[in-house]
Amino acid sequence: MRRVSFIAVALVVIYLLAAPLALGQGGNPPASTKESGQTSGKGMTTVEQTGKSVEQQKAPARRYINLPNRAVQAPFSDGVLIGDTLYVAGRIGIDPKTGKPPEDLEQEIKILLDGIRSTLQEAGMTMDDLVSVQVFCPDVSLYDKFNSAYRSYFGKEYPARAFVGSGPLLRGAHFEMLGIAVKR
C-alpha cells in the first residue's frame, strides 16, 4: 500500500513541476515584452519587462481548493490552481455518513466523480476542462462498470486517461482518481 501511495504522490509532484512548462507557462514572456538581445549568465535571452528579467519574474499565484464538507480531514488540498491549470488530488468515493465506501459500487463511483466535479466547480471549471486523468483500481475487472458511470460526466470529448491496476486503496475503496484540468 505504501508503494502505491508513494507512486501517486510522486506522479502529482512531477505534474506540479512539469505541467506549467509543458503548457507554456514556464517563463514565456507576455506578448507586450521585447527581447533585448542580451544573454544572461545561463545562456538565456533577457527579456525587458518593467526592468525584470525572465529569471526574476514571479511564478503564478496558487489558490488552494478545499471543499467544506470533506469526509476526512487529511493533510492535502482537494486541488491547487496555478494560473489556468488545476491539479486535482486523488479522491475516493467515501460515504460522508459512514466514512467508508458504500456497498453499492455505482454509488461509490458517483460519490467519487461528484467530488471531482465539486473540486472543479470550486475553481470555476467543469469536467470538460479535465485534460488528464488517472484512475487506480485494485480489481481491473471493474473497468467496464467504472466506464459506464464515467461517460455520463462528460460531453462528447474525454480527457487523456490511464486506468491503472493497483494494490489495495485506502478505506477499502474500489477506485481512486486524480487529474489535471486547464480552463478553456
Side-chain angles (χ1 to χ4, degrees), residues 4-31 57-94 96 101 106-137 142-166 169-171 173-184:
V4 172
S5 297
F6 174 77
I7 291 170
V9 169
L11 289 171
V12 170
V13 170
I14 289 168
Y15 280 134
L16 288 173
L17 295 174
L21 292 173
L23 297 171
Q25 299 172 358
N28 290 339
Q57 293 179 21
K58 291 185 179 181
R62 295 179 185 193
R63 180 173 153 219
Y64 295 88
I65 309 292
N66 291 296
L67 299 176
N69 298 325
R70 287 171 72 172
V72 176
Q73 296 303 317
F76 61 86
S77 296
D78 292 309
V80 179
L81 182 65
I82 303 172
D84 289 337
T85 304
L86 178 66
Y87 301 90
V88 181
R91 188 166 199 91
I92 54 180
I94 297 296
E106 289 177 11
Q107 185 63 26
E108 180 183 348
I109 296 167
K110 181 182 180 338
I111 292 170
L112 168 100
L113 293 170
D114 286 349
I116 296 284
R117 182 170 47 200
S118 294
T119 302
L120 289 161
Q121 286 174 339
E122 189 67 27
M125 297 182 182
T126 69
M127 293 291 279
D128 290 324
D129 289 316
L130 283 166
V131 294
S132 178
V133 171
Q134 293 181 348
V135 180
F136 299 90
C137 178
L142 299 175
Y143 178 78
D144 290 332
K145 190 83 154 174
F146 183 83
N147 282 340
S148 293
Y150 179 84
R151 280 185 185 97
S152 69
Y153 280 76
F154 295 94
K156 64 179 182 172
E157 302 293 332
Y158 301 104
R161 188 181 90 177
F163 192 94
V164 182
S166 68
L169 296 174
L170 291 175
R171 300 178 182 251
H174 295 95
F175 307 97
E176 181 170 357
M177 183 170 139
L178 59 95
I180 299 173
V182 178
K183 192 169 192 169
R184 297 175 190 229

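We use all heavy atoms of the structure for the numbers below, so side chains are in, but hydrogens, waters and symmetry mates are not.
- Ser132 and Pro159 make their closest contact through N-CB, 3.8 Å (heavy atoms, listed as atom of the first residue, atom of the second, distance).
- In this structure the side chain of Tyr143 never reaches within 4.5 angstrom of the side chain of Cys137, judged on heavy atoms.
- A donor-acceptor pair under 3.5 Å is absent between the side-chain atoms of Ser152 and the main chain of Ser148, judged by distance alone.
- For residues 146-156, the set of pairs meeting the salt bridge (charged side-chain N to carboxylate O under 4.0 Å, His left out) definition, not counting sequence neighbours, is empty.
- Partners of Tyr153 according to the ring-ring contact (aromatic ring centres under 6.0 Å, His included) rule, which considers only residues two or more places apart in sequence or in another chain, do not exist here.
- Residues meeting the ring-ring contact (aromatic ring centres under 6.0 Å, His included) test with Phe154, sequence neighbours left out: Tyr150, Tyr158.
- Atom CG of residue Leu112 and atom NE2 of residue His174 lie 12.5 Å apart, to the nearest 0.5 angstrom.
- The residues Arg184 and Asp129 are annotated as salt-bridged, a charged nitrogen and a carboxylate oxygen being separated by less than 4.0 angstrom.
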Leu113/Met177 under side chain to side chain contact (heavy atoms under 4.5 Å, CB included): CA gap, chis, key distance, verdict: CA-CA 8 Å; Leu113 293 170; Met177 183 170 139; 3.7 Å; yes
Derivation of the side chain to side chain contact (heavy atoms under 4.5 Å, CB included) call for Tyr87 and Leu178: CA-CA 8 Å; Tyr87 301 90; Leu178 59 95; over 6 Å; no
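- Using a 4.5 Å heavy-atom threshold, the side chains of Ile116 and Val133 count as separate.
- By the 4.5 Å heavy-atom criterion applied to side chains, Pro101 and Ile94 are counted as neighbours.
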Met125 and Leu81: CA distance, side-chain angles, deciding distance, side chain to side chain contact (heavy atoms under 4.5 Å, CB included) verdict: CA-CA 11 Å; Met125 297 182 182; Leu81 182 65; 3.8 Å; yes
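- Residues Thr119 and Arg91 form a side-chain contact, since some pair of their non-hydrogen atoms from C-beta on lies under 4.5 Å apart.
- Of all heavy-atom pairs between Leu86 and Ala123, the closest is CD2-CB, 3.8 Å.
- To the nearest 0.5 angstrom, Ile82 atom CD1 is 12.5 Å from Arg63 atom CZ.
- To the nearest 0.5 Å, the span separating CG on Leu130 from CD on Glu157 amounts to 13.5 Å.
- Atom CG in Asp128 sits 10.5 Å away from atom CZ in Arg117 (nearest 0.5 Å).
- Looking at Asn147 and Arg161, their side chains come closer than 4.5 Å, going by heavy atoms from C-beta outward.
- With a 4.5 Å cut-off on side-chain heavy atoms, Glu176 and Leu170 do not count as touching.
- Rounded to the nearest 0.5 angstrom, Leu142 CG and Phe163 CZ are separated by 6.5 Å.
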